[in-house]
Amino acid sequence: MPELPEVEIVRRDLAKLRGSTIVRIESSDRRVFDARASVVGGVLREVGRRGKWLRLELDGGLVFSHLGMTGDWTLRRPDEASLPFERVRMDVERRGKVTSARYTDPRRFGRFITTASDIDAWRELGPDPWLDGIDEERVLGFMKKRKRAVKEVLLDQSLLAGVGNILAIEALWNAKIDPRTPAGRLNARDVHEIAKGLRAIIARTLAYDEKMVKAKGHIKAPFRVYGHAKEPCPRCGTTLEAIVQGGRGTTFCPHCQRSHWRP
DNA sequence: CGGCATGTTGCGCA
DNA sequence: TTGCGCAACATGCC
């Protein structure tokens with residue numbers, strides 16, 4: 001369940017384990033699990049996140065976790081059986097009590113890496129729009145250099161880490177900007193609207209995810225256009241269109257998401 | 001059965 | 001060197 005807000009929810013859950021000692025890590029999955037250093041025996045000091053990457057800081061080591069498309073972490077008692085699609089099990093102990101963190105991932109696009117130093121993927125991430133804020137001048141400069149559609153550029157993790165397909169679609173709808181607009185044609189005001197749009201959808205999705213954690217009942221997803229192709233635009237009533245950009249689906253309103261772009 | 005999916009990487013080609 | 005399109009990864013769901 002991964003985009004910035006979902007990963008943030010997972011981070012908060014794992015942060016409950018701060019101060020614990022890693023007592024055991026097990027995985028038979030060579031695709032997901034990459035052991036570059038031994039971290040067993042290390043004490044978990046901090047659970048960080050930038051974009052979609054989780055970074056567990058230990059005394060004498062690091063653990064990086066990426067949820068791919070279908071990854072998730074669940075805290076269980078150590079005696080509980082393996083979960084369906086469980087790929088990694090990490091047991092930690094604090095004051096004699098053992099908690100077993102289970103990483104599940106049906107599609108196995110995720111990664112779990114134990115290492116002694118920061119990995120390239122982490123170092124190459126841009127700022128996190130939620131934790132670090134959005135430097136609009138930098139975003140504009142980045143956009144100015146590209147010819148691709150703004151929607152595709154927003155998915156570049158070196159621009160703003162954590163923006164995925166849904167957030168990009170929703171932010172552009174919030175900003176009333178056509179996702180096909182060549183990035184280089186955006187102006188400062190467009191970038192300002194996109195920044196506002198991103199902050200809004202991140203806040204909205206986080207709030208939704210927080211409710212989901214508590215109330216088990218079904219809550220309506222907070223998305224205005226993602227998953228709503230062929231339905232009326234919530235703003236103007238025009239039928240929402242679905243297109244493919246860079247191999248990913250995009251939904252948008254052909255009427256109110258125009259800005260200054262013309263085909 | 002066919003098509004689509006909240007992500008990323010790697011390959012071939014212009 | 002760079003950018004782009006697309007397949008691949010693996011599985012569930014509609």
Side-chain angles (χ1 to χ4, degrees), chain A residues 1-11 27-34 49-54 64-73 83-88 103-113 119-126 128-130 142-173 179-180 182-184 198 201-210 212-213 218-231 240-252:
Chain A
M1 323 250 329
E3 252 184 74
L4 186 158
E6 290 73 35
V7 182
E8 173 60 18
I9 296 292
V10 171
R11 187 198 68 75
S27 175
S28 54
D29 197 310
R30 310 297 238 121
R31 162 169 292 281
V32 170
F33 183 45
D34 178 2
R49 176 189 65 74
R50 196 190 299 156
K52 304 167 196 169
W53 277 99
L54 291 163
F64 286 92
S65 170
H66 193 292
L67 276 37
M69 199 85 104
T70 53
D72 195 15
W73 280 98
L83 302 174
F85 308 113
E86 186 177 305
R87 308 302 185 191
V88 181
Y103 177 68
T104 54
D105 188 352
R107 289 174 76 175
R108 299 199 288 155
F109 288 178
R111 294 290 178 270
F112 179 94
I113 303 167
I119 59 175
D120 289 347
W122 173 264
R123 288 192 307 241
E124 289 161 9
L125 291 175
D128 184 287
W130 191 246
F142 194 98
M143 292 288 179
K144 281 290 177 204
K145 285 184 274 188
R146 332 260 144 172
K147 294 176 181 171
R148 318 196 86 176
V150 57
K151 155 71 171 11
E152 296 177 53
V153 176
L154 278 175
L155 298 180
D156 186 330
Q157 299 299 295
S158 72
L159 170 60
L160 291 170
V163 178
N165 206 38
I166 297 179
L167 295 186
I169 289 169
E170 295 290 317
L172 288 170
W173 182 84
R180 300 166 296 183
L198 272 173
I201 187 59
I202 291 170
R204 192 175 161 84
T205 308
L206 258 179
Y208 165 77
D209 289 339
E210 284 162 5
M212 285 294 275
V213 170
H218 189 60
I219 309 170
K220 198 173 156 228
F223 308 124
R224 305 271 203 343
V225 284
Y226 173 81
H228 295 288
K230 296 181 185 170
E231 294 173 30
L240 298 173
E241 276 183 28
I243 58 174
V244 175
Q245 296 182 283
R248 315 290 306 278
T250 302
T251 308
F252 72 108

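Treat the numbers as computed from the prediction; the structure is a model and nothing was measured. All chains are named by letter (A, B, ...) in the order of the sequence lines, taking the proteins before the strands, and each is independently numbered beginning at 1.
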What residues form a side chain to side chain donor-acceptor pair (under 3.5 Å) with A:Arg108, not counting sequence neighbours? A:Asp29

Mind running side chain to side chain contact (heavy atoms under 4.5 Å, CB included) on A:Leu67 and A:Leu54 for me, showing each step along the way? CA-CA 9 Å; A:Leu67 276 37; A:Leu54 291 163; 4.2 Å; yes

Given B:dT8, is OP1 or OP2 found less than 4.0 Å from the side-chain N or O atoms of A:His66? yes

Under the salt bridge (charged side-chain N to carboxylate O under 4.0 Å, His left out) rule, collect the residues that match up with A:Glu231, sequence neighbours excluded. none

Spacing of the P atoms in C:dA7 and B:dC4 (rounded, Å): 13 Å

Should stems be defined as at least three consecutive Watson-Crick or G-U pairs with both distances under 3.5 angstrom, which of them involve DNA chain C? B:2-5 with C:11-14, B:7-14 with C:2-9

Side chains of A:Leu206 and A:Trp130, heavy atoms from C-beta outward: is any pair under 4.5 Å? yes

Under 3.5 Å, is there a donor-acceptor pair between the side chain of A:Glu3 and the main chain of A:Leu167? yes

A:Phe109 CZ - B:dG10 P separation (whole Å): 14 Å

For B:dG7, take OP1 and OP2 only and decide whether either is under 4.0 Å from a side-chain N or O of A:Lys52. yes

Separation of B:dA5 P from A:Asp72 CG (nearest whole Å): 21 Å

Nearest-nucleotide wise, let me know which of A:Gln157 and A:Arg107 is further upstream toward the 5' end of DNA chain B. A:Arg107

Whole-Å gap separating C1' (B:dT9) and CE (A:Met69): 13 Å

Residues passing the salt bridge (charged side-chain N to carboxylate O under 4.0 Å, His left out) test with A:Arg30, sequence neighbours excluded, are none

Applying side chain to side chain donor-acceptor pair (under 3.5 Å), name anything that partners A:Arg224, two or more places apart in sequence or on another chain. none

For A:Tyr226, the ring-ring contact (aromatic ring centres under 6.0 Å, His included) test, sequence neighbours excluded, returns A:Phe223

Applying side chain to side chain donor-acceptor pair (under 3.5 Å), name anything that partners A:Thr205, two or more places apart in sequence or on another chain. none

Whole angstrom value for the distance that separates P of B:dT6 from CD of A:Gln245: 13 Å

Taken to the nearest whole Å, NZ/A:Lys151 to C1'/B:dG7 is 12 Å

How do A:Phe85 and A:Arg31 order along DNA chain C: which one's closest nucleotide is nearer the 5' end? A:Arg31

With sequence neighbours excluded, tell me which residues meet side chain to side chain donor-acceptor pair (under 3.5 Å) with A:Asp128. A:Arg49

Whole-Å distance between B:dG7 P and A:Leu54 CG? 15 Å

Nucleotide range of DNA chain C lying under 4.0 Å from chain A heavy atoms: C:dC4 to C:dG12

Whole angstroms only, please: what is the CD1-P distance between A:Ile201 and B:dT6? 14 Å

Can you pull out the residues from residues 161-169 of chain A that lie within a 4.0 Å heavy-atom distance of DNA chain B? A:Gly164, A:Asn165, A:Ile166

Across all chains, not counting sequence neighbours, the side-chain contact (heavy atoms from CB on, under 4.5 Å) partners of A:Phe64 are A:Trp53, A:Arg55, A:Leu62, A:Ile113, A:Thr115, A:Asp118, A:Ile119, A:Trp122

P-based separation of C:dA10 from B:dC11 [nearest Å]: 16 Å

What residue pairs, at least two apart or across chains, pass salt bridge (charged side-chain N to carboxylate O under 4.0 Å, His left out) with a residue in residues 150-173 of chain A? A:Arg148-A:Glu152

For a quick check of understanding: with a heavy-atom distance under 4.0 Å over all strands, which category does A:Arg148 fall into, base, sugar-phosphate or nothing? sugar-phosphate

